[in-house]
Amino acid sequence: MNAPKVHIHVLPHLERAEKGVVMRFAPNPSGPLHLGHARAAVLNDAYVERYGGSYILRIEDTDPKRVDPDAYRMVQEDIEWMGLRITDVFYQSDRFDQYYRIGRELIGIGGAYVCTCENEQFRILKQAKTPCPCRGHTIEENLELWQKMLDGGFYEGEASVRVRTTLDHPDPAMRDFPAFRILNEPMHPRIEAQVYPLMNFTVAVDDHLMGVTHVIRGKDHIANTRRQKFIYEYFGWNEPVYRHYGRMGIEGVVLSTSQMREGIRSGTYSGWDDIRLGTLRALARRGIKPEAVRQAVLDIGIGETDISFSWDNLFAKNRDIIDPVADRFFFVPDPLLFSIAGATPREAHALLHPGNEKRGYRTLKFENEVFLPGQEFQKEVQMIRLKDLFNVHVDWSSGTPHLTYGGDALSDARALKAPVVQWLPVGDATRCTLHTPDGDIQGLCEGTVRSMEDKVVQFERVGFARIDTISDEGVTAYFCHK
RNA sequence: GCUGCUAUAGUGUAGUCCGGCCAAUCAUGCGAGCCUCUCACGCUCGCGACUGGGGUUCGAAUCCCCAUAGCAGCACCA
């Protein structure tokens, strides 16, 4: 009926983007994607959409400890769910030859050296702005040591390749950062190697080789950007345009993959799609639409301020999307069974969607007994209106509520300000468990809901919910929001 | 400790580059009312912010300085 209101928050213009862009989303396959990833993924996607160009998915799996074999699949699924317009896909684990080749080049031009110092010792020297003994190696010595690394001549921790930066750089984070390390038993699901490239090196190399023009990522990478620029300078490559947005927290949610994993292991969470988590699959399970996530993330934008992501803002976007299309049903929480004296059997016809008669009706057959929400009888109400059916007098004289037919006229109920209440005929009542982040609600719903698997519906007076599974036991639904 | 970034209502955001049109935008939230056979949707009205202090200027949310607060980095993680 109403056109959905769409408020587009216009993202700031990117420099040097007029002729198109090459951007990338580069997750680490350590688990499924969450809202933090969605921000990076959607922002980059939106700029590619705006300026035209290509959108690279680069799986950054160069640290075996941070690779979960299942995550390759989950990341792929999550990206499809978001509807990203990915044009190219790369796995860093396929590209070790490139990293070795360019690593050797960097050593060859004096931009890096092989360091055999103990890690702790190097750290102390670095803090004191003092070169470690290895920094004085000639290029020939370094190339020899590099070959020895590749040939398995060092054990884990015995040698690394460092990028030569400015040792007296005022920021200790910049001084001679590592580019390769040795791992003896890496247990990587996709490759066998002992010399592993590190993130700052692979990112700089890949961004250049893949022609990335613009990088948008969190400000936790600001220092990495400065490090990567050293590599760009050594080779004389053209730098991309960088933008770093602020840190994003989410009300009452852990976004750390390792913490989520621990929670699942310990039984705190039922799995990656536990609706208390901020993973995309958890959002999907409770009926949040990808377009709502996209809108919410675009609304936040690329500001450098740290922000707190609000569920209310996401829910509002989602409500705009689902309210026009979600069919309405009765769900009776904490049901109490009543028989209604003096009422004749009849059928009620309730709209599947208010204000849109074309969507049709559902039929509820009243005979004599109905289930009503227990909470309606907390106070001694005199009359209630069974929605789309009739009025009911409530007699409290015996101490417990006794219901008698109170006429059909809606105006009577209005005059007495009687609550309009959802109800279910005994014959149609279907067991329904509604899972909410705050706990489960046991109740009953209309039988028709059995045909709504995977759909988002609105339980009138309760809220929107996604129908998850149907079984002989009944219906399992996940609460979305009001 | 060192290095850097940021600071607009409960939340998010516009305005800040190029000072005046800002008695500060929009959304969300909250409150009141209307509509309605849902506590949804829609409509109306209302609530609510330029971190603090100096300075420059006829004029500062906007420029400068200091303070404070938050965040990030200083890993053979990404």
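So that the names make sense, note that chain A is the first sequence line, chain B the second, and so on, each numbered from 1.
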Trainee: Would you say T305(A) places a side-chain N or O within less than 4.0 Å of OP1 or OP2 belonging to rC5(B)?
Mentor: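 Answer no for this pair, as no side-chain N or O of T305(A) is under 4.0 Å from OP1 or OP2.
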Trainee: Of the nucleotides rC76(B), rU3(B), rG73(B), which has the atom closest to the R226(A) side chain?
Mentor: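 When the side chain of R226(A) is considered, rU3(B) is the closest of rC76(B), rU3(B), rG73(B).
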Trainee: Using atom C1' of each nucleotide, how far apart are rA9(B) and rU51(B) to the nearest Å?
Mentor: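 Here rA9(B) and rU51(B) have their C1' atoms 13 Å from each other.
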Trainee: Distance between the P atoms of rC66(B) and rC22(B), in whole angstroms?
Mentor: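 Going atom to atom, P in each nucleotide, I get 32 Å.
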Trainee: Is the positively charged end of R362(A) above the ring of F330(A), judged by distance under 6.0 angstrom from the centroid and angle within 45° of the axis?
Mentor: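 R362(A) over F330(A) ring: yes.
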Trainee: Assert yes or no for the condition that the ring centre distance of Y55(A) to F25(A) is strictly below 6.0 Å.
Mentor: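 No, the ring of Y55(A) stays outside the 6.0 Å limit from the ring of F25(A), centre to centre.
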Trainee: Start at the 5' end of RNA chain B and walk down; is the nucleotide closest to E60(A) or to D220(A) reached first?
Mentor: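 Result: D220(A).
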Trainee: Taking the P atom in each of rC45(B) and rA61(B), what is the distance between them to the nearest angstrom?
Mentor: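 Per the computed distance, 28 Å lies between those P atoms.
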Trainee: OP1, OP2 of rA72(B) versus side-chain N and O of R247(A): anything below 4.0 Å?
Mentor: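 So the side-chain polar atoms of R247(A) do come within 4.0 Å of the phosphate oxygens OP1 or OP2 of rA72(B), strictly under.
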Trainee: Can you say whether a donor on the side chain of D171(A) sits under 3.5 Å from an acceptor on the base of rG73(B), or the other way round?
Mentor: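 Between rG73(B) and D171(A), which were checked side chain against base, a qualifying N/O pair under 3.5 Å is present.
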Trainee: Using the P atom as the point on both nucleotides, what is the distance between rA32(B) and rC39(B), in whole Å?
Mentor: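 So the two P atoms sit 14 Å from each other.
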Trainee: Taking the C1' atom of each, how far is rA72(B) from rU16(B), in whole Å?
Mentor: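 The answer is 23 Å between these two C1' atoms.
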Trainee: Output yes when at least one side-chain N/O atom of R175(A) is less than 4.0 Å from OP1 or OP2 of rC74(B), else no.
Mentor: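 No, R175(A) has no side-chain N/O under 4.0 Å of OP1/OP2 on rC74(B).
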Trainee: When you look for runs of 3 or more Watson-Crick or G-U pairs in a row, both distances below 3.5 Å, which of them include RNA chain B?
Mentor: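 Ordered by first number, the stems with RNA chain B (at least 3 consecutive pairs each) read B:1-7 with B:68-74, B:10-12 with B:26-28, B:29-34 with B:42-47, B:51-55 with B:63-67.
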Trainee: According to the interplanar angle, ranging from 0 to 90°, do the rings of Y242(A) and H244(A) count as parallel (below 30°), tilted (30 to 60°) or perpendicular (above 60°)?
Mentor: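 Y242(A) and H244(A): parallel rings.
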Trainee: According to a strict under-4.0 Å criterion, is R414(A) in side-chain N/O contact with OP1 or OP2 of rC37(B)?
Mentor: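 R414(A) to rC37(B) OP1/OP2: side-chain N or O found under 4.0 Å.
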Trainee: With distance as the sole criterion, do the side chain of E251(A) and the base of rU11(B) form a donor-acceptor contact below 3.5 Å?
Mentor: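 By the distance-only test, no, there is no pair.
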Trainee: Is any side-chain nitrogen or oxygen of K482(A) closer than 4.0 Å to OP1 or OP2 of rC41(B)?
Mentor: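 Answer is no, no contact under 4.0 Å.
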Trainee: Mapping N28(A) and M174(A) onto RNA chain B by nearest heavy atom, which one lands closer to the 5' end?
Mentor: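 It is M174(A), whose closest nucleotide lies nearer the 5' terminus.
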Trainee: Does the ring center of F390(A) lie less than 6.0 Å from the ring center of Y405(A)?
Mentor: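 Yes, the ring of F390(A) comes within the 6.0 Å limit of the ring of Y405(A), centre to centre.
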Trainee: Which nucleotide in the list rC5(B), rA78(B), rC77(B) gets nearest to the side chain of R66(A)?
Mentor: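 Within the option list, the nearest is rC77(B).
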Trainee: With a 4.0 Å cutoff (strictly under), does any side-chain N or O of N119(A) reach OP1 or OP2 of rC76(B)?
Mentor: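 Affirmative; the distance criterion is met.
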Trainee: With C1' as the reference atom in both, quote the distance from rU25(B) to rC71(B) in angstrom, rounded to an integer.
Mentor: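 Comparing C1' positions in rU25(B) and rC71(B) gives a spacing of 27 Å.
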Trainee: Sticking with atom P, work out how far rA60(B) lies from rG20(B), rounded to a whole angstrom.
Mentor: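 The answer is 11 Å between these two P atoms.
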Trainee: Which word best sums up how the rings of F366(A) and W423(A) line up, parallel for under 30°, tilted for 30 to 60°, or perpendicular for over 60°?
Mentor: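 The arrangement is perpendicular - the two ring planes meet at more than 60°.
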Trainee: Using the side-chain hydrogen bond (donor to acceptor under 3.5 Å, both in side chains) rule, collect all pairs that involve residues 194-203 of chain A, keeping only residues at least two apart or in two chains.
Mentor: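 Passing the test, one end in residues 194-203 of chain A: Q92(A)-T202(A), N184(A)-Q194(A), N200(A)-N224(A), N200(A)-Q228(A).
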Trainee: Does R190(A) count as lying over the ring of Y72(A), i.e. NZ or CZ under 6.0 Å from the six-ring centre, within 45 degrees of the axis?
Mentor: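 Yes; both conditions hold, so R190(A) lies above the ring face of Y72(A).
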Trainee: Can you check whether F464(A) and H481(A) have ring centres sitting under 6.0 Å from each other?
Mentor: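 They qualify: ring centres under 6.0 Å apart.
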Trainee: Where the side chain of D306(A) is concerned, which of rG70(B), rC76(B), rA75(B) is the nearest nucleotide?
Mentor: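 Within the option list, the nearest is rG70(B).
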Trainee: Between rG4(B) and rA49(B), how far apart are the two P atoms, rounded to whole Å?
Mentor: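 It works out to 35 Å between them.
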